[in-house]
Amino acid sequence: MRRAIARVLESGPTRLVLEVPGWPGHRPGQFAMLGLGPELLHRDPLLPRPMAVYRGDASALEFLFKVVGRGTRIMAELAKGAAVSVLGPLGNGFAAPDGPATLVGGGSGIASLYELAAARPAGLRVLLGGRTRADILGLEDFEKLGVELRLATDDGSLGHRGLVTDLLEPREGESVYACGPLGMMQRAQQLASQAHARCLVSLENNMACGFGVCLGCVVKTPAGFRYVCTHGPVFDAHALGWGARA
Amino acid sequence: MRRAIARVLESGPTRLVLEVPGWPGHRPGQFAMLGLGPELLHRDPLLPRPMAVYRGDASALEFLFKVVGRGTRIMAELAKGAAVSVLGPLGNGFAAPDGPATLVGGGSGIASLYELAAARPAGLRVLLGGRTRADILGLEDFEKLGVELRLATDDGSLGHRGLVTDLLEPREGESVYACGPLGMMQRAQQLASQAHARCLVSLENNMACGFGVCLGCVVKTPAGFRYVCTHGPVFDAHALGWGARA
Amino acid sequence: MSADVDLRAELCGVELRNPVLLASGTCGYGSELSPFIAIEELGGIVAKSLTLEPRAGNLPPRITETPAGMLNAISLENIGVEAFIRDKLPALPPSLVVVSSVFETELDRYAEVCKRLDGVARVAALELNASCPHVKAGGIEFGQDPRVLAQLVRACRQATRKPLLVKLSPNVTSIAEMARVCEGEGADGLSLINAVQGLMVDVHRRRTSLRNGLGGLSGPAILPIALRMVFQASRAVKIPICGIGGIATGEDAVAFLLCGASAVQVGTLTYTNPAAGLEVRDGLAAYCRSHRVARVRDLVGALEAWPPG
Amino acid sequence: MSADVDLRAELCGVELRNPVLLASGTCGYGSELSPFIAIEELGGIVAKSLTLEPRAGNLPPRITETPAGMLNAISLENIGVEAFIRDKLPALPPSLVVVSSVFETELDRYAEVCKRLDGVARVAALELNASCPHVKAGGIEFGQDPRVLAQLVRACRQATRKPLLVKLSPNVTSIAEMARVCEGEGADGLSLINAVQGLMVDVHRRRTSLRNGLGGLSGPAILPIALRMVFQASRAVKIPICGIGGIATGEDAVAFLLCGASAVQVGTLTYTNPAAGLEVRDGLAAYCRSHRVARVRDLVGALEAWPPG
Ligand SMILES: Cc1cc2nc3c(=O)[nH]c(=O)nc-3n(C[C@H](O)[C@H](O)[C@H](O)COP(=O)(O)OP(=O)(O)OC[C@H]3O[C@@H](n4cnc5c(N)ncnc54)[C@H](O)[C@@H]3O)c2cc1C
Ligand SMILES: Cc1cc2nc3c(=O)[nH]c(=O)nc-3n(C[C@H](O)[C@H](O)[C@H](O)COP(=O)(O)OP(=O)(O)OC[C@H]3O[C@@H](n4cnc5c(N)ncnc54)[C@H](O)[C@@H]3O)c2cc1C
Ligand SMILES: Cc1cc2nc3c(=O)[nH]c(=O)nc-3n(C[C@H](O)[C@H](O)[C@H](O)COP(=O)(O)O)c2cc1C
Ligand SMILES: Cc1cc2nc3c(=O)[nH]c(=O)nc-3n(C[C@H](O)[C@H](O)[C@H](O)COP(=O)(O)O)c2cc1C
Ligand code: FES
Ligand code: FES
């Protein structure tokens, strides 16, 4: 695996599409480190940003993101043809469900769930939420899939007014895939464990390297420290214990 | 005067055209400080770069440049519509000739001479030089002026093979305006003084501020330190003594 | 523009319109900035460091760029204390708070400059520049040796009744020790940090980028070092601290206040934008509004502890 | 790929394919990089600092970004010297030069780790990490007190016959003094600099960005500080120096060599690009080609003086 210098095909406030020469393909839930100054014209921001692969392949790899700071603001303003360094695919990714599954996505967390949904496993339910309608990234894409889809927004601008986890009714023995704000994932894990369902979550820690050398992305679990970039980002939520995170 | 946030209208390997709201106009030989990260998305490169105003006005202000390092490389790759901070006009600029004049320009120094030539004063001669044909910035624009124009290149790819100062024959009492590499300006000053001609040169020191507060741009003259940004960039070459420069 | 938020600050007895000043050596004598901004809207300025006699400074190159920063070896070029009092002070807006920075190469000369400024009503406070990383005179900085620093503060303390700030050198093993020394000798406050000693190389010419070799590193690159030192010093002494180092935004200023600074100084960023100081003030006000902070001074030292993991 | 230029270097008796190593703590135990690069093409690696027993390190957040740099408080998490020798060393390419970094919280434990590694043929040299800015244990760093540093070097010198490098802390008043101390106690070489102590604030949460508060600043931001210290140390001692700090390009490496370093280590930049070390080597070769330098070692200390102004 090598760091590739990709070119921006399409860029907008929440979506980035890159041509990534040599991208070998990836599993749902894997991520890439996106570097915003590959030719070192800019030495700042210095660190690449971890982003879940939304969908696509070498000819057009898509990312969905929320602007929360300088790095994502720069991403949102990238010019067509601009160079971006891409290291990936990284992390373990999601294991495909072996039975019925419910996907619970909130905010930018939605990005890592799309390809699971696109596989349309039997008995699939998809629950997406955000503060407002605009925060539900990739909504149109999910609607196109024609899967069982339910929505929630804090302000009621779309679907149920309230938390997306209000819509979650785990089925015994199913797999719940939750990705989004910490509180949302914790709630999903609670409900899943009460219903004796499996629960997989994808964590979003600050990262420097993404491939296991900086030791910066640790999460504390009952079994000790785990590295989100190499042991994760996907973890069995029941085993996490929700210890200290970045 | 305020720092303006300009937009890139046109950008290329040697030319930058900006829309600069509120640009008050300028004199030939004045310069601007161009900042490459106005929204502070990038804190590096930190310092703005001094650039002579080539020509134009608020609706389209033109700069010609040579890529010598990171800042100019970034300038050459600016996207259309990108933001650039512009502080100026700065410096004293050239006094218009009160008699015959010869303009001697080398490399990027050519940029500060164009508007003097465009005024077509009586008895004007323009001598431009560069390493090769490609190094003579703005050549087409000067040719369009229909002024007496002679050219020199080190490799003979255009005009006289050799130094542009080989073409300089100062007329007694005239004004020689020289702008380019240090050695070229020194040679022009020598020839001018032998012919009892005036000689004005524009110096290019490294600058941090461009408006007189950092004291970084000094040049040592027999009369003491002078600041290139406020006392210059244009100096009476006969009074310079060519002391230490940045 | 920010009447809603109470931006007023106080620095060792001096009332400030807001906590954002401009750092010594980065705003000249003030007048250089008047073409660009209404300078009196700032919390104040710290004028370029003054010596008894005018000084010419180093030969160029004196400045070079570094990653997210710059390196300088101006070597304290200045017009001298008399010319400052005679020519520069009268030209400044009456409502502008002016702090005078003092630098010399010997103890008694330091004290003389302080004495000369003590009688000047227009000067609100003095700042001792104990920390010029690039002045060869004497080699080691006044601010690098606790005993020498103590002598310096004592001598100048006796020379003036004006509020006395000591600007510390960051090039020390323990900033807390230096802070205690100043407090012990009667300093009214501390300014930190000055530029960090650095060096850059022009690999093409195989020479140091600056003719002087060594220089002072400033700009955003040193922000984390400055925050650390303000954090450490504010826990070592009770006298107020003016935070300096790499401030580019209102949030940078907030970070210094939270670490214990009562006010801040903007330096290098003024070179990139003459209005940087005012924009930092505006950003500070915006932060207070969005975080429901009624009075900026409520932020001073208001860092919260991490919950146990 | 650069057969034309002689890139070979030597660091206290150890022959290096080229002068570019990877810095301790930024390349794990080597194997982490093998998916990305042919690690044996590097001049060598300095493995993550080892302690007698495995260490777990600090609670997160452990890292945050800074202007042109980053701040970390990993607190020397490592698998312990035994596991390194047993599990990690055998997995590394035989032709790779491996330097082991040693860290502990007490003198005798430092020496014990050195003794344990002294018998391991695969380890080419030891690097004493005397300078972890963010380890609370003991408070002040070993590398900040000349007497403690002398004791440390003496103890470890007696514990090993392998080439002994001492990695100095930049958080000192005089790096030259610390360098002389190490030379005096028989160190074979110096590595500098380690991360600079810093602190960042999350203004939205009103907390330090790192749970540990203090952290180590690294990356391009500290390049001018590192160059300055290598410049000063190389003029204070005769033993070879390995330059570290913010190296991102071949020209950055050239700057360190010109200042007197015999080799360099690339650290933080490996996080942004696993191939950074090899690209620095290639840039170094390209510089030599375009500047007609036949042997990289001819650059060591080859800084030229400025002509009188
Ligand atoms: C494995 C993984 C996959 C991710 N996938 C996506 C994705 O598909 N889409 C997306 O929008 N984001 C994703 N993130 C989060 C994304 O990496 C961060 O939002 C981004 O790094 C922020 O960079 P910034 O420079 O914009 O913000 P910064 O300037 O770095 O930080 C700005 C603010 O955001 C907060 N912040 C910083 N890093 C994170 C973080 N990692 N998570 C949450 N808040 C943070 C900071 O505390 C600060 O308050 C992912 C993170 C990980 C670890
Ligand atoms: C008043 C004034 C007007 C100018 N007008 C123009 C213009 O119209 N067109 C143009 O192309 N350039 C002009 N320059 C020069 C221009 O400012 C520099 O070339 C530019 O700042 C280099 O920035 P950089 O980041 O690309 O190079 P850097 O990375 O800063 O430096 C790269 C290399 O260029 C050298 N260098 C740096 N600054 C200068 C400098 N000021 N002059 C010469 N070499 C330098 C460095 O020593 C280094 O070797 C002008 C300079 C001044 C002071
Ligand atoms: C070009 C330049 C000149 C300076 N001159 C002085 C000075 O005369 N006296 C002083 O106390 N500090 C001086 N400083 C240091 C600044 O006041 C400030 O302490 C330092 O630059 C860090 O702040 P900054 O990162 O915001 O620039 C100077 C800094 C620069 C860049
Ligand atoms: C995340 C991180 C962990 C580090 N761990 C160690 C370590 O275990 N031992 C050590 O001697 N230095 C350690 N360092 C310091 C680096 O080896 C290096 O000295 C410093 O980062 C400066 O170089 P750089 O700017 O190229 O990163 C660490 C640095 C970082 C950023
Ligand atoms: S991000 Fe570096 S180890 Fe996980
Ligand atoms: S460039 Fe700052 S004083 Fe001239």
Side-chain angles (χ1 to χ4, degrees), chain C residues 58-60 64 66-69 71 140 144-145 169 171-174 196-208 210-215 217 219-232 246 248 251-252 254-256 258-259 287 291 299 302-306 308-309, chain D residues 58-60 64 66-69 71 140 144-145 169 171-174 196-208 210-215 217 219-232 246 248 251-252 254-256 258-259 287 291 299 302-306 308-309:
Chain C
N58 288 331
L59 288 173
T64 192
T66 73
L71 196 68
I140 180 166
Q144 284 186 307
D145 180 328
S169 167
N171 307 305
V172 297
T173 304
S174 169
V196 178
Q197 194 177 44
L199 181 141
M200 287 291 276
V201 173
D202 181 333
V203 293
H204 303 295
R205 300 175 182 158
R206 285 205 189 181
R207 294 193 301 219
T208 57
L210 304 184
R211 188 180 297 255
N212 187 63
L214 299 177
L217 178 64
I222 68 170
L223 176 75
I225 300 173
L227 284 171
R228 183 258 296 185
M229 290 191 167
V230 167
F231 179 89
Q232 291 173 324
E251 295 190 351
D252 294 339
V254 170
F256 275 95
L258 291 174
C259 286
Y287 173 92
H291 289 75
L299 291 172
L303 213 51
E304 282 157 29
W306 274 87
Chain D
N58 287 331
L59 288 173
T64 193
T66 73
L71 196 68
I140 181 166
Q144 284 185 308
D145 181 326
S169 167
N171 307 306
V172 296
T173 304
S174 168
V196 178
Q197 193 177 45
L199 180 142
M200 287 292 277
V201 174
D202 181 334
V203 294
H204 302 295
R205 300 174 181 160
R206 285 204 190 181
R207 295 192 299 219
T208 56
L210 304 184
R211 189 180 297 255
N212 186 63
L214 300 176
L217 178 65
I222 68 170
L223 176 75
I225 300 173
L227 284 172
R228 184 258 297 184
M229 290 189 166
V230 167
F231 180 89
Q232 291 173 326
E251 296 191 348
D252 293 340
V254 170
F256 274 96
L258 291 173
C259 286
Y287 173 92
H291 289 75
L299 291 172
L303 212 52
E304 281 157 27
W306 274 88

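To find a chain, count down the sequence lines: A is the first, B the second, and so on, and within it residues start at 1.
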Measure from the side-chain N and O atoms of [X] to the backbone N and O of [Y], and report whether any donor-acceptor pair falls under 3.5 Å.
X	Y	answer
D/Arg228	C/Gln197	yes
D/Gln144	D/Ser169	no
C/Thr173	D/Thr173	yes
D/Arg211	D/Pro60	yes

Largest heavy-atom contact set with chain D, pairs under 4.5 Å, which of [options]:
options	value
C/Asp252, C/Leu227, C/Val203	C/Val203
C/Gly213, C/Pro220, C/Gly219	C/Pro220
C/Ala255, C/Pro224, C/Pro67	C/Pro224

Is [X] in contact with chain D via its backbone, its side chain, both, or neither, using a 4.5 Å heavy-atom distance?
X	value
C/Leu258	side chain
C/Ala226	neither
C/Leu299	side chain
C/Phe256	neither

- Item | chain C contact via D/Thr208 - side chain, backbone, both or neither, heavy atoms under 4.5 Å |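 Interface part for D/Thr208: both.
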- Message: The criterion is side-chain hydrogen bond (donor to acceptor under 3.5 Å, both in side chains); which residues satisfy it with C/Thr64, sequence neighbours excluded?
- Response: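 Not a single residue meets the side-chain hydrogen bond (donor to acceptor under 3.5 Å, both in side chains) criterion with C/Thr64.
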- Task: With sequence neighbours excluded, tell me which residues meet ring-ring contact (aromatic ring centres under 6.0 Å, His included) with D/His204.
- Result: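 Testing D/His204 for ring-ring contact (aromatic ring centres under 6.0 Å, His included), a comparison that skips the adjacent residues, returns C/His291.
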